[in-house]
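Notes to accompany the following structure.
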Amino acid sequence: MGKIALTGDRPTGKLHLGHYVGSLNNRLNLQNDKSFDEIYIMLADGQGLTDNFDNPQKIRNNIIEVALDYLSIGLDPNRVTICIQSALPALTELTFYYMNVVTVPRLERNPTVKAEMVLRGFNEGDEGLPVGFFTYPISQAADITGFDANVVPVGEDQKPMLEQCREIVHKFNSIYGETLVMPEIMLPKNEKATRLKGLDGMEKMSKSLNNCIYLSEPAGSLKTKVMSMYTDPNHIDINDPGNVEGNAVFNFLDVFCEEHHFNDYLKDYKNLDEMKEHYRKGGLGDVKCKKFLLSILEEMISKFRVSREKWKNNLSDVYDILDAGTKKAISKTDATYARVKKAMCMDYFSNKNSIIEEWKGLLNK
Ligand code: TRP
């Protein structure tokens, strides 16, 4: 079997630079990697609904936003298949059967579920934990195995999901015979670049923390955001020594700055090490650092903006891309589901004559 990659996003908001660094960038490399036979990118609206069940319109609205995010950064529909989860019935059906091979304590131990429960307040109050949310790692295992994916390019935070999926595959195959493909996680290569801090210096860029730069960020607000970024609170006077650790501006520079940027925008230094050295010693002001970062980000995001504008003026093409991608995904996942049903002895209508023979043998015993 060939190399098949599957990954996805919950369409709960526009994608931001944290997504870009943590996974989208990796997908761009993937689509240029000729060794992959199939690459699927899924808009996981069903999963998005597990903690937004009372706000379906939000999910619906973000389908087009995220699709435009994908296209504007250069994901190419000729090389990757973009599809919508809720339109793939096989995935829900697989989930139903996988539930038999997962225990409640195992789900309770899933670190991502644990953390998200706290984040969403599902661990307290009267309302309790929605079953749909609790079991979403099982449905994510259905997403992955439904496509026969052997490679899953995701960010660090999805590790527990992959582990859970691999356990399901292992258990399923050991009961029903080799049926499901064992997936491998594919983390972003550049380790320091896997996590982008928030504008406020918080550990993670996240919509709920309101500390994001969006892929569709307009030039005006990009400038405002960069100029108000968290740096080193003790670096008050230019001549004070400054800290680059914990400093959001330098975290961003670590991720986005390349050597040619110094030649393009800041000739005072040859490279980032030199710049950091000066900052540490004192004598380099935050405004200068921020302006440099702004030039780098504006160069990148302005390209996204131009491309997004183009797609926005061709929404009929965007519709057709999603429609065709989803159709392809339906036949892919239906084929897996047929295989699974056979393995589980539920292929009752696959061949009338052979089923009748089987019944006869059984009843005449
Ligand atoms: N859980 C992923 C996220 O929140 C989204 C997702 C859903 C996904 N299904 C997937 C990722 C399958 C990889 C593979 O980002």
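Within the 4.5 Å cutoff, no side-chain heavy atoms of Met117 are placed close to those of Lys114. Taking 4.5 Å as the limit, some side-chain heavy atom of Pro183 sits within range of a side-chain heavy atom of Leu162. Side-chain contact between Ile64 and Leu315 is present, with heavy atoms from C-beta onward closer than 4.5 Å. Residues Ile175 and Val101 meet the side-chain proximity criterion, which asks for heavy atoms closer than 4.5 Å. With a 4.5 Å cut-off on side-chain heavy atoms, Cys289 and Leu284 count as touching. Residues Thr336 and Phe147 have side chains not in contact (no heavy-atom distance under 4.5 Å, counting atoms from C-beta outward). No side-chain heavy atom of Thr135 sits less than 4.5 Å from a side-chain heavy atom of Thr95. Between Lys312 and Leu68, the closest side-chain pair of non-hydrogen atoms falls below 4.5 Å.
Using modelled atom types, one finds no donor on one side chain facing an acceptor on the other under 3.5 Å when comparing Glu65 with Asn61. Using modelled atom types, one finds a donor on one side chain and an acceptor on the other under 3.5 Å when comparing Glu38 with Tyr40. Tyr98 and Thr145 share a side-chain donor-acceptor pair at under 3.5 Å. Inspection of the Thr231 and Asp286 side chains reveals an N or O donor paired with an N or O acceptor under 3.5 Å. Asn211 and Tyr230 are not linked by any side-chain donor-acceptor pair at a separation below 3.5 angstrom, with hydrogens and angles left out of the test. Checking Asn110 against Gln164 by side-chain atom types alone, a donor-acceptor pair falls below 3.5 Å. For the 3.5 Å distance criterion, the side chains of Asn251 and Lys197 fail to qualify, holding no donor opposite an acceptor. Under the 3.5 Å distance criterion, with hydrogens and angles disregarded, a donor-acceptor pair is assigned to the side chains of Gln85 and Asp143.
Across Gly198 and Ala248, no two heavy atoms sit closer than the pair O-CB, 3.7 Å. Across all their heavy atoms, Thr7 and Pro153 have their closest contact at OG1-O, 2.8 Å. Taking each heavy atom of Cys83 and Leu88 in turn, the nearest pair found is SG-CD1, 4.3 Å. Taking all atoms of both residues into account, the shortest heavy-atom contact from Gly2 to Asp37 is CA-OD2, 2.9 Å. Nearest heavy atoms, Tyr20 versus Leu28: OH-CD1, 3.8 Å. Here the closest heavy-atom approach between residue Gly13 and residue Val66 is recorded as O-CG2, 3.5 Å.
Between Ile82 atom CD1 and Leu43 atom CG the span is 7.5 Å, to the nearest 0.5 Å. Atom NZ of Lys328 sits about 12.5 Å away from atom OG1 of Thr333, to the nearest 0.5 Å. Residue Ser307 holds its OG atom at 11.0 Å from CG of Leu215, rounded to the nearest 0.5 Å. A distance of 10.0 Å separates NZ of Lys276 from CG of Asn247, quoted to the nearest 0.5 Å. Of the inter-residue distances, the one linking Met182 atom CE with Cys165 atom SG reads 8.0 Å to the nearest 0.5 angstrom. Atom-to-atom distance recorded for Leu253:CG and Tyr279:OH is 10.5 Å, nearest 0.5 angstrom.
With hydrogens and angles disregarded, no donor-acceptor distance shorter than 3.5 Å links the side chain of Lys225 to the backbone of Leu199. Although no hydrogens or angles enter the test, the distance criterion places no donor-acceptor pair under 3.5 Å between the side chain of Asn271 and the main chain of Glu259. A donor-acceptor contact shorter than 3.5 Å links the side chain of Asp232 to the backbone of Asn243. Proximity of a side-chain donor or acceptor of Asn52 to a complementary backbone N or O of Asn55 within less than 3.5 Å is not detected. Here the side chain of Gln31 pairs a donor or acceptor atom with the backbone of Asp76 at under 3.5 angstrom.
Checked for salt-bridge contact, Asp45 and Arg60 miss the test: no charged N lies under 4.0 Å from a carboxylate O. Residues Glu277 and Arg280 are not paired through a salt bridge, judged by the lack of any N-O separation under 4.0 Å between the basic side chain and the carboxylate. Ion pairing between a basic and an acidic side chain is recognised when a charged N comes within 4.0 Å of a carboxylate O; Arg166 and Glu184 show such pairing. Salt bridge Lys341/Asp334: absent, no basic N to carboxylate O contact under 4.0 Å. The existence of a salt bridge linking Asp317 and Lys310 is excluded, since no basic side-chain nitrogen approaches an acidic carboxylate oxygen closer than 4.0 Å.
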When the side chains of residues 343-352 are checked against the rest of the protein, which donor-acceptor pairs come out under 3.5 Å, sequence neighbours left out?
from	atom 1	to	atom 2	distance (Å)
Ser350	OG	Asp347	O	3.0
Asn351	OD1	Asn353	N	3.2
Asn351	OD1	Ser354	N	3.3

Distance-only criterion, 3.5 Å: show the donor-acceptor pairs between side-chain atoms of residues 293-304 and protein atoms not counting sequence neighbours.
from	atom 1	to	atom 2	distance (Å)
Ser295	OG	Lys291	O	3.0
Glu298	OE1	Arg305	NH2	2.8
Glu298	OE2	Arg305	NH1	2.9
Glu299	OE1	Tyr265	OH	2.4
Ser302	OG	Glu298	O	2.9
Ser302	OG	Glu299	O	3.1

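The hydrophobic cluster containing Val287 also includes Met227, under a criterion of side-chain heavy atoms closer than 4.5 Å among ILVMFWY residues, counted directly or through chains of members. Leu49 belongs to a hydrophobic cluster with Ile59, counting contacts under 4.5 Å between side-chain heavy atoms of Ile, Leu, Val, Met, Phe, Trp and Tyr, direct or through other members.
Each of Val131 and Leu94 belongs to its own hydrophobic cluster when Ile, Leu, Val, Met, Phe, Trp and Tyr are linked at side-chain heavy-atom distances under 4.5 angstrom.
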Show your reasoning for whether side-chain contact (heavy atoms from CB on, under 4.5 Å) applies to Tyr214 and Lys207. CA-CA 9 Å; Tyr214 292 97; Lys207 182 174 35 97; 3.5 Å; yes

From CA spacing to verdict: ring pair (Phe, Tyr, Trp, His ring centres under 6.0 Å), Phe262, Phe292: CA-CA 9 Å; Phe262 288 95; Phe292 179 49; 4.8 Å; yes

CA sep, side-chain torsions, deciding dist, call: Tyr70, Asp9, side-chain hydrogen bond (donor to acceptor under 3.5 Å, both in side chains): CA-CA 10 Å; Tyr70 288 163; Asp9 301 285; 2.5 Å; yes

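Heavy-atom neighbours of Phe53 CZ from other residues, nucleotides or ligands within 6.0 Å: above the threshold of 12. Around NZ of Lys58, the count of heavy atoms belonging to other residues, nucleotides or ligands within 6.0 Å exceeds 12. The local environment of CG in Asn210 is sparse, with at most 12 non-hydrogen atoms from other residues, nucleotides or ligands closer than 6.0 Å. Within a 6.0 Å sphere centred on NZ of Lys159, heavy atoms belonging to other residues, nucleotides or ligands number 12 at most.
When each of Tyr136, Phe134, Phe133 is tested with Phe122 by the rule ring-ring contact (aromatic ring centres under 6.0 Å, His included), just one qualifies, namely Phe133. Screening His19, Lys14, Arg308, His16 against Asp69 for a side chain to side chain donor-acceptor pair (under 3.5 Å) leaves a single residue, Arg308.
Looking at residues two or more places apart in sequence or on another chain, you find a ring pair (Phe, Tyr, Trp, His ring centres under 6.0 Å) between His278 and Tyr269. Under the side chain to side chain donor-acceptor pair (under 3.5 Å) criterion, Gln140 pairs with Gln47, Gln158, not counting sequence neighbours.
A cation-pi arrangement is not found for Arg79 relative to Phe36, the charged atom failing to lie both closer than 6.0 Å to the ring centre and inside a 45° cone about the ring normal.
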